[in-house]
There are 2 protein chains.
Amino acid sequence: MANTAPAPALPDAGSPGNMGDVRRSNLALVMGRIAQAPSGSHLTRAQIAASTGLTKASVSSIVLDLLETGILREIGLNPQGERGRPGVGLELNPARGVMGMEINVDYIAAGVTDLSGAVVVQEIRERDNRGSESAPVLAALAALAVEVRTAALGKGVEVLGGGLAVPGLVDAGSATVLAAPNLGWLDVELDLDRLLPGLPLGITLFNEANAAALAELARGPAGRHDFLYVSGEVGVGGGLVIRSELFTGPEGHAGEVGHVVVDPAGSRCSCGGTGCLETVAGQDAIFAAAGIAGKGKSRLESMSALVAALAEDQPGALRAVERAGTSLGVAVASTARVLNIGAVVLGGHFAVLERWLRPSLAESLARYAPGKVFPEHITIAAVEEGGALLGAAGSVVRSLVEAPHRLQH
Amino acid sequence: MANTAPAPALPDAGSPGNMGDVRRSNLALVMGRIAQAPSGSHLTRAQIAASTGLTKASVSSIVLDLLETGILREIGLNPQGERGRPGVGLELNPARGVMGMEINVDYIAAGVTDLSGAVVVQEIRERDNRGSESAPVLAALAALAVEVRTAALGKGVEVLGGGLAVPGLVDAGSATVLAAPNLGWLDVELDLDRLLPGLPLGITLFNEANAAALAELARGPAGRHDFLYVSGEVGVGGGLVIRSELFTGPEGHAGEVGHVVVDPAGSRCSCGGTGCLETVAGQDAIFAAAGIAGKGKSRLESMSALVAALAEDQPGALRAVERAGTSLGVAVASTARVLNIGAVVLGGHFAVLERWLRPSLAESLARYAPGKVFPEHITIAAVEEGGALLGAAGSVVRSLVEAPHRLQH
DNA sequence: CGAGTTAGTTTATCGCTTGAACTATATAAT
DNA sequence: ATTATATAGTTCAAGCGATAAACTAACTCG
């Protein structure tokens with residue numbers, strides 16, 4: 001129930017195809033058209049038929065199914081003025097939504113968006129989760145989630161499914177957090193169904209950086225289908241989006257740019273490796289190199305101190321960030337060559353420090369991947385706050401759009 | 001006609017699905033079962049029905065279609081001894097094959113395999129293609145291909161399609177060699193239909209390292225679905241296989257391990273970058289570091305000289321190869337982290353030098369990607385000669401197996 | 001030789017798309 | 001107002017492909 005990994009619209013070779021598959025595929029096709037239409041565009045059955053290539057008869061039948069599930073809604077208003085019988089508009093039902101959740105080092109969060117991605121409710125609760133057992137954290141999150149769900153229901157939005165983002169390696173299939181060093185979690189299997197029971201779509205587990213990358217895909221500039229999202233947090237995470245799909249690799253945790261080797265002669269990393277990007281460009285590494293004491297300060301305070309130091313042109317801070325930019329360039333260059341990726345989106349502290357990071361990053365990319373990653377393809381994340389939460393929710397919506405039959409019966 | 005990129009068995013969302021798609025999907029399903037059966041296993045319709053989940057009636061109808069295209073054959077012989085009516089065996093028609101072709105720096109080659117991958121004819125012709133215009137090279141290859149085709153026909157094998165491997169960046173869609181530095185080709189669009197006209201499946205263009213990786217997938221140890229193939233030639237190329245699929249990235253040329261940065265302070269690379277793996281582990285780089293003069297010697301001669309030097313424990317040669325191994329380790333470690341890949345297959349000169357390369361490579365991997373790539377997952381290529389050729393041919397066969405309807409009518 | 005067993009084909013049925021005919025509802029022309 | 005025209009959406013017969021069950025075919029066993 002909880003394991004709703006993004007499934008292909010049509011069955012993978014291995015199981016026989018039947019006419020039900022055709023139906024499912026066409027349900028997804030129609031659903032996709034409606035989902036990608038700009039809101040207020042008054043899409044009609046006839047238009048869908050024309051743009052998809054399906055016949056009007058098929059579209060009518062498919063739309064009927066979708067209306068019955070409740071994810072679609074007819075709009076009575078018909079914009080007159082054109083000749084001929086006016087069509088009935090179709091749109092995603094604004095009374096249905098999904099919940100995004102996040103567990104992070106300093107906080108837990110939950111929010112509900114409707115199916116078009118608009119935020120209905122959102123709640124962040126500070127909580128020091130470092131080294132905490134998973135049970136109390138999940139209990140706190142469950143309480144928050146129930147609150148947020150009733151708040152959404154109060155606004156007329158019913159929650160169909162959920163996504164949970166966690167800062168660590170996850171196995172979505174078994175709902176297990178394999179390793180979240182900053183939380184101190186190792187091989188923790190989460191009982192997601194108990195977190196928020198009775199959701200028709202269940203709850204899916206995501207890696208935080210991957211979820212943030214997905215948010216960037218959904219909410220960033222249109223037409224960008226391939227990029228590397230680099231998430232600067234305590235560690236350095238990454239999310240790879242290739243042809244508008246999250247690329248997760250054979251075991252589901254690709255995109256770990258934080259552990260690309262940027263200096264073979266570098267220092268030891270918490271992962272056991274040597275010279276990883278994280279040892280130069282992670283938050284702790286930058287604070288240390290900039291001479292900002294971390295003791296007693298929260299990460300947010302340290303970050304403000306760093307920005308202040310940079311604004312005052314303090315050489316130590318400038319040098320630390322410059323070095324991070326150069327190393328980030330090396331890591332991105334290597335990744336770009338191996339993966340044939342030409343665009344980079346900076347998130348987390350890399351977005352905050354972009355002004356000071358960019359020169360050395362651009363220079364480094366020009367040196368190590370000339371003609372591959374151009375400065376204009378280095379951008380900062382469009383989503384500032386709650387990226388992981390929004391990305392997790394958005395991904396659940398997307399998987400629903402790609403397999404709407406899951407709501408039937 | 002020529003652009004037969006491996007297509008999914010079922011239509012990508014975007015075009016309406018109809019019952020024809022179901023048929024195509026099930027044709028591929030049945031075809032797949034027959035193709036993956038060990039030769040001589042006497043697969044029957046009933047067995048296929050049982051293992052695929054299709055009904056006997058459907059299988060019969062599908063098999064009939066496949067027999068009509070000529071890719072399948074019934075075996076009259078029925079192994080008696082079991083009770084009940086004996087089934088008729090089905091197998092890939094050994095009278096059908098595909099042609100693999102290769103253009104490389106020092107030679108051109110063409111060969112025909114049958115649909116089960118067995119080599120029917122193979123011909124390598126030495127030819128210095130360095131800096132040569134594409135037209136004469138293609139003319140020579142066309143002549144060779146025609147010869148090989150008639151030779152195959154003489155052995156009763158009809159060629160259905162072909163694959164051409166080239167050492168450079170290619171765009172399979174437009175049959176264009178974007179850049180092949182070692183040939184001196186830049187943006188050369190190939191007229192593949194003229195190379196060998198009248199093939200029902202056309203001819204597909206491949207990158208050499210990618211094709212070799214595919215050969216490794218098809219002919220290497222069974223059960224290995226994810227690996228990085230590193231091809232050591234004049235340059236260092238790579239092929240990424242993920243979940244038994246070639247991963248080519250958004251623009252079709254992922255896997256370029258040769259240009260991962262292994263030493264930010266390293267020397268300039270022919271690609272314009274700095275400190276790329278190729279500047280340390282490419283053939284020329286190793287020869288130079290080992291003190292083996294390239295002047296006047298062919299690459300083969302230089303390689304023999306190097307192996308001889310290594311066998312004699314000459315320190316210069318040992319150091320050069322050790323350094324290459326260390327750098328290869330850095331590049332593989334970075335790649336492994338970004339792509340979540342845990343196995344490496346060494347091809348080209350890396351396979352030849354494996355004995356001397358392995359210690360430093362293993363040590364390097366232990367240092368830079370501890371717990372990710374284990375020494376026992378570093379193996380040398382199972383295919384020694386003509387890997388690219390076999391891989392290109394095999395990939396064409398595979399795309400046929402995945403979409404057998406392309407031969408209908 | 002007949003009973004039992006398994007392979008493969010035939011036939012009726014069902015589900016889904018298609019295309020054409022048809023109904024519904026608007027604007028534009030008379 | 002009435003009629004013509006245009007467009008939206010539904011209905012209905014036809015076709016295709018999968019399914020299940022009945023049937024025929026070909027072998028082994030006793």
Side-chain angles (χ1 to χ4, degrees), chain A residues 9-11 13 15-30 34 41-67 72 74-90 404-405 408-409, chain B residues 9-11 15-30 34 41-68 72 74-90 404-405 408-409:
Chain A
L10 289 162
S15 55
N18 54 33
M19 284 150 305
D21 295 321
V22 175
R23 183 56 157 200
R24 282 186 278 281
S25 158
N26 287 337
L27 277 167
L29 179 61
V30 169
I34 296 171
S41 57
H42 196 84
L43 206 54
T44 67
R45 289 169 175 79
Q47 286 165 15
I48 295 170
S51 80
T52 57
L54 288 161
T55 59
K56 288 191 295 174
S58 296
V59 172
S60 275
S61 153
I62 288 165
V63 164
L64 197 69
D65 278 10
L66 292 174
L67 286 171
L72 240 51
E74 286 190 342
I75 320 174
L77 290 165
N78 24 20
Q80 305 182 352
E82 311 260 317
R83 354 188 4 140
R85 169 177 166 180
V88 225
L90 296 165
H405 68 269
Q408 288 183 315
H409 246 298
Chain B
L10 288 162
S15 55
N18 53 32
M19 282 150 306
D21 295 320
V22 174
R23 183 57 156 198
R24 282 186 278 281
S25 158
N26 287 337
L27 277 167
L29 179 62
V30 169
I34 298 171
S41 57
H42 195 81
L43 206 54
T44 67
R45 289 169 176 79
Q47 286 165 13
I48 294 170
S51 80
T52 57
L54 287 161
T55 60
K56 290 191 295 175
S58 297
V59 172
S60 275
S61 154
I62 288 166
V63 164
L64 197 70
D65 277 11
L66 292 174
L67 286 170
E68 271 170 10
L72 239 51
E74 286 188 342
I75 321 174
L77 290 165
N78 26 19
Q80 305 180 351
E82 310 261 317
R83 12 191 347 147
R85 168 177 168 180
V88 241
L90 296 165
H405 67 268
Q408 287 183 315
H409 246 300

Q.
Between P on C/dA29 and CZ on A/Arg83, what's the gap in Å once rounded to a whole number?
A. 7 Å
Q: Apply side-chain hydrogen bond (donor to acceptor under 3.5 Å, both in side chains) to A/Ser51 and list each qualifying residue two or more places apart in sequence or on a separate chain.
A: A/Arg33
(Q) Using the side chain to side chain contact (heavy atoms under 4.5 Å, CB included) criterion, which residues pair with A/Ser61? Sequence neighbours excluded. (A) A/Arg23
Q) To the nearest angstrom, how far is B/Ile48 atom CD1 from C/dG8 atom P? A) 9 Å
Q.
What does the B/S/- profile of nucleotides 9-20 of chain D look like, 5' to 3', with a 4.0 Å heavy-atom cutoff to protein?
A. BBB---BBBSBB
Q | Nearest-angstrom distance from the residue atom NE2 of A/His42 to C1' of D/dA8 | A | 10 Å
Q: Would you check if B/Val88 and B/Ile75 make a side-chain contact, meaning some heavy-atom pair closer than 4.5 Å?
A: no
Q: Applying side-chain hydrogen bond (donor to acceptor under 3.5 Å, both in side chains), name anything that partners B/Thr55, two or more places apart in sequence or on another chain.
A: B/Ser58
**Q.** Of all pairs that satisfy salt bridge (Lys or Arg N to Asp or Glu O under 4.0 Å), the ones with a partner from residues 44-59 of chain A, not counting sequence neighbours
**A.** A/Arg45-A/Glu74
